[in-house]
Every structure is written in structure tokens, then in C-alpha cells.
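Note that the numbering runs from 1 along the sequence shown for the chain.
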Amino acid sequence: MSAAPSVPASGGRTPTVIRVLVLATFVVILNETIMINAIPRLMADLAITDRAAQWVSTAFMLTMAAVIPTTGWFLQRVSTRQAYAAAMGVFLAGTALSAVAPSFAVLLLGRIVQAFGTAVMMPLLMTTLMTVVAEHDRGRVMGNVTLAISVAPAMGPVISGGVLQIASWRWLFVLVLPIAGVITWLGLRQLENVGEPQAGQIDVASVALAALGFGGLVFGLSRFESDDFAGPLGIVAVGSALIALFVWRQLRLQRTGTPLLDLRVLLSATYTKALILMSVAFMAMLGSMILLPLYLQNLRGLSPLATGLLVMPGGLAMGLLGPTVGRLFDRFGGRLLVIPGSIGIAVALAGFTQISMTMPYWQLLALHILLMVSLAAAFTPVFTLGLGALPQHLYSHGSSMLGTLQQVAAAFGTALVVTVMSARATSLAAGGSDLVAAHLDGMRLAFLVSAALALIVIVMAVLLPNRAAAHEEAAPAKSVEGSETTAPELTKR
């Protein structure tokens with residue numbers, strides 16, 4: 001898909017291909033969070049335990065972690081239209097299957113099929129954007145992308161809470177199905193191919209190692225909610241060992257053939273710094289996204305719908321600021337946005353360490369909005385800087401690695417805060433403390449850990465350049481056919 005250089009679009013207007021892909025990505029990401037409030041209803045309707053019901057989210061995350069590493073290779077082997085048709089077709093099939101699922105096993109299968117389609121959409125969008133949009137206009141367009149992908153997860157819990165007030169959980173899929181169908185039809189009518197597909201065989205061993213390694217790591221991390229740490233630690237260790245084998249396999253394939261995930265992207269200093277910043281920021285963000293609903297619902301007694309409404313303004317603020325952040329990045333560069341944004345993330349998380357049973361809701365709202373706005377200020381420039389530092393033939397691999405590490409970071413951040421919170425609460429309760437006070441103190445400590453992680457984000461923000469160097473190259477670039485190619489030939493700066 002990215003073999004042939006494409007003429008970047010001129011500034012001022014978002015290309016149609018990006019508009020279509022953003023719309024489709026909005027729908028699939030909305031679907032990712034729409035089941036959050038449906039857990040109690042699933043338990044009652046399908047006669048399952050709460051741990052089993054959590055698998056509708058866990059299985060989705062595991063599939064994403066297993067599939068995303070293969071998308072860099074996949075997107076270079078098919079046309080834009082073929083990738084879009086495959087992703088949305090699979091997503092539609094999974095949605096339809098989930099809507100009519102007669103049992104929990106079938107629902108779980110439907111969610112896994114949905115995740116296959118979702119895993120392709122985000123790398124497809126990012127790779128296409130970097131290929132067709134001129135460098136001086138990428139911030140603005142990436143800001144519009146941020147609007148879509150930030151508002152979608154914020155709206156998911158609110159929409160599901162409203163639907164579940166009046167209808168069955170099946171309607172969460174029934175409502176998505178026609179919308180996704182229309183977007184798929186419009187996309188296939190308007191979408192044009194970007195670049196030319198490349199020939200190349202897939203390395204089956206790499207696919208197996210990626211699926212078992214990244215999937216196993218995320219699964220092990222997701223099991224840290226249980227009291228028995230030995231089992232999850234073993235799974236994490238096995239997953240990490242398989243990832244090490246996967247890395248070794250890719251390094252060999254880079255010399256002898258075509259790797260599934262080209263690790264030469266890590267030779268770009270700017271990309272690597274952006275990758276670390278994004279991963280740690282995701283860990284801190286996902287940790288807070290887990291802790292805040294637990295605090296509001298379990299300790300303060302709010303309903304899922306009320307909780308969704310309280311955190312919705314932050315998500316909307318993050319999304320609506322995306323285009324403004326993008327325009328500021330195009331004009332002034334990244335440091336003006338990323339450094340204050342990273343400081344804001346740390347301040348907001350530090351503020352959450354002061355939660356209590358009487359903390360006014362407006363303070364919680366203000367802290368959450370500060371966190372989301374700060375993330376918006378950081379994410380759009382960091383995405384653009386990181387991918388912009390790569391030559392064009394590595395865009396799909398760079399997008400794939402970002403997506404993979406986001407899934408791992410999300411799982412790790414969730415496991416970390418839940419483990420810290422549970423260990424602290426259990427210790428205090430065993431010492432005779434009140435149960436509510438023990439859980440509250442555990443949450444404060446978990447927020448403190450997230451705030452400490454945010455300090456790493458600040459350090460990486462300071463180290464990032466203001467703009468990606470025009471000549472920065474991740475490796476002595478070789479096309480798949482083996483001919484030497486320079487970065488300026490692959491990407492017009």
C-alpha cells in the first residue's frame with residue numbers, strides 16, 4: 001500500500017480518503033467502549049458470573065493485541081480499498097453475530113470477530129494520513145482524527161447507559177449495525193487507493209509468535225485482578241519470552257526477507273521517544289479510567305449512566321480541542337504543546353490522589369477535564385512527530401507498533417493500578433481499618449503511582465524535538481525488492 005510515493009495533499013482541505021477512514025474509525029472505536037455498562041445486564045440475561053462477563057472486553061483487547069502486530073505487513077500487501085473492505089466487512093459480521101448471539105460463547109466470538117476489523121482500521125487511517133497529507137498540514141488533519149477517536153470512547157459509556165435504560169443489550173449492536181453498513185457503502189463508493197501493494201509472503205512463525213506473545217502478555221496482565229499472582233506472573237513471563245523470540249525472528253527476517261513488523265523504526269530516535277511517551281501516557285490514562293468509575297460507583301454510589309455523564313465533558317473537551325492543537329502544532333511545532341500537556345497530566349493525576357468521600361463533584365470534573373485536555377495537547381503532536389520521523393515505507397510498521405504497544409500499555413496500566421489498590425486495601429483491612437477507608441486509601445496510592453509514571457512523560461516530552469528532522473531515517477532504507485532508497489525520495493518533506 002505504501003510502496004509508491006504519493007503526492008501529498010495540499011493544505012486547507014482534509015482529503016476524502018481521510019474523511020471516510022475517520023468516520024469508519026469513529027464507529028469501530030465507539031463500539032470498543034459501548035459494552036462497559038452492559039456487564040450487569042449480561043450476567044442476568046445469560047446467567048454468567050461477573051468474571052465471565054468481563055471477557056466481552058478482555059477478549060476484545062486480547063484480539064487487538066494479537067492482530068495489530070500483523071497489520072504493518074498486511075497494509076503493504078493490499079490496496080487501500082481492499083484493506084478497508086476487509087476491516088469493515090469483518091467488523092459488520094462480528095456486529096451481526098453479537099446482536100443475535102443465543103449464548104455467551106457466541107457473543108464472545110462476535111466480539112473477537114469485531115476486534116479483528118477494529119485492529120486494522122487505526123493503522124490503516126494513520127498510514128494513509130501520513131502518506132497523502134503534506135507535512136506542513138499533518139497537525140491540522142491529525143487534530144481532526146484526534147477529535148473522532150477521543151469523542152468516540154467518551155460517548156460509548158453514555159450511549160450504552162441510555163440504551164440500557166430502555167432496551168436490551170442486543171440493541172447496542174443492532175444500532176451500530178446499520179450505521180456501520182452505510183459508512184462501509186459510502187467508503188467503497190468514494191475511497192481511492194493510495195500507493196501500490198507490494199508482493200511478499202507472510203512468515204507464519206512470526207504471526208504465531210506475535211499472537212501468542214502479545215496476546216499472552218495482555219492476558220497475563222489482565223489476570224492480576226485475581227488474588228493469586230503466581231498464575232498471571234507465569235503467563236506474563238511466557239508471553240514476554242515469546243515476544244523476545246518474535247523480536248529475534250524479525251531481526252533475522254530484516255536481513256533475509258520481509259519482516260512481519262519492521263523493527264528498524266526503533267532506529268529513529270524521535271520515533272522511539274514518541275513511542276515511550278505514548279506508551280507511558282496510555283498506562284497513566286488507562287489506570288485513571290479504571291480507578292475513577294470504581295471510585296464514583298463503588299464508593300460514592302453513582303449509577304453507570306451518571307458516571308458516564310460526569311466523565312463525558314472531559315472526553316468531549318479532548319476531542320474538540322484536537323483540531324486547534326493540530327493547527328498550533330503546524331504553526332509552532334510540538335514542544336509548545338507537549339511539554340505543558342505532559343505537566344498537566346502529572347498535575348491532574350496528583351490532584352486525584354486527594355479524593356475523599358466528600359470531595360465535590362465539580363472538583364472531580366475539573367481534574368478530569370484537565371487530564372483529558374492535557375492528553376489532547378500531547379497526543380496529536382507526539383503521533384505526528386513520531387510517524388513523521390520515519391521514511392514512507394515504514395509508516396505502516398510504525399503505526400502497527402504504536403497500536404501494539406498501546407494495547408500492552410493499557411493492559412499493564414490497568415494491572416498496575418488494580419494490583420496496587422487491592423494490595424493496599426487488603427493490607428489496611430487486615431490491620432483493622434474500615435473497609436471503605438481502606439479502599440479509598442488504596443485508590444489514592446494507585447493514583448499516586450499513575451502520577452509518578454507521568455513524570456516519565458514529562459522527561460520524554462523535554463527530549464522530543466520541536467519538529468521531526470527532514471532527513472531523519474530509521475535505517476538505511478531498502479525497498480522490498482532490495483534497492484537502496486533515501487528518505488527524501490520516499491517522503492516529500
Side-chain angles (χ1 to χ4, degrees), residues 23-61 63-64 87-118 121 148-187 289-290 292-294 296-298 300-316 319:
L23 199 58
T25 304
F26 177 88
V27 173
V28 298
I29 293 180
L30 174 71
N31 169 80
E32 190 172 354
T33 59
I34 209 166
M35 291 298 290
I36 288 176
N37 289 332
I39 301 300
R41 193 71 65 83
L42 290 176
M43 292 167 59
D45 289 0
L46 300 176
I48 54 175
T49 64
D50 59 342
R51 183 168 291 280
Q54 290 291 343
W55 271 95
V56 295
S57 296
T58 303
F60 199 100
M61 185 170 61
T63 306
M64 293 274 285
M88 293 305 292
V90 168
F91 177 80
L92 284 168
T95 304
L97 184 61
S98 299
V100 300
S103 66
F104 179 68
V106 177
L107 172 62
L108 203 58
L109 178 62
R111 288 288 284 172
I112 290 170
V113 173
Q114 279 187 319
F116 269 90
T118 304
M121 282 307 304
I149 65 177
S150 301
V151 172
M155 293 299 294
V158 180
I159 291 173
S160 65
V163 170
L164 292 170
Q165 293 280 359
I166 57 174
S168 160
W169 57 266
R170 295 183 188 276
W171 279 92
L172 297 174
F173 300 105
V174 172
L175 292 174
V176 167
L177 194 58
I179 298 171
V182 170
I183 290 172
T184 303
W185 175 71
L186 288 174
M289 286 179 67
I290 291 295
L292 202 54
L294 288 175
L296 291 171
Q297 293 179 41
N298 295 354
R300 298 294 292 267
L302 291 187
S303 68
L305 180 58
T307 301
L309 290 171
L310 193 145
V311 300
M312 183 176 68
L316 291 176

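Nearest approach of R170 to V100, heavy atoms of both residues: NH1-C, 3.4 Å. When all heavy atoms of L108 and A59 are compared, the closest pair comes out as CD1-CB, 3.8 Å. Heavy-atom minimum distance, L107 versus A101: N-CB, 3.5 Å. Among all heavy-atom pairs drawn from M88 and A24, the shortest one is SD-CB, 3.9 Å. For L92 against A180, the heavy-atom pair with the smallest separation is CD2-CB, 3.6 Å. A pairwise comparison of heavy atoms in M121 and A87 identifies SD-CB, 3.7 Å as the closest pair.
The shortest side-chain heavy-atom distance between V182 and L186 falls under the 4.5 Å cut-off. Side-chain contact between V27 and F91 is present, with heavy atoms from C-beta onward closer than 4.5 Å. Between R111 and F173 there is a side-chain heavy-atom pair separated by less than 4.5 Å.
A distance of 10.5 Å separates OG1 of T118 from CG of L30, quoted to the nearest 0.5 Å. With rounding to the nearest 0.5 angstrom, the CG atom of L177 is 11.0 Å from the CG atom of L97.
Residues passing the side chain to side chain contact (heavy atoms under 4.5 Å, CB included) test with L302, sequence neighbours excluded: L296, A306, T307, L310, Y361.
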| message | I'd like to know whether F26 forms a side chain to side chain contact (heavy atoms under 4.5 Å, CB included) with I183, so could you lay out the CA-CA distance, the side-chain angles of the two residues, the decisive distance to 0.1 Å, and finally the verdict. | response | CA-CA 10 Å; F26 177 88; I183 290 172; over 6 Å; no

| Do L46 and W169 pass the side chain to side chain contact (heavy atoms under 4.5 Å, CB included) test, and can you show the C-alpha distance, the side-chain angles, and the key distance before you say yes or no? | CA-CA 11 Å; L46 300 176; W169 57 266; 4.2 Å; yes

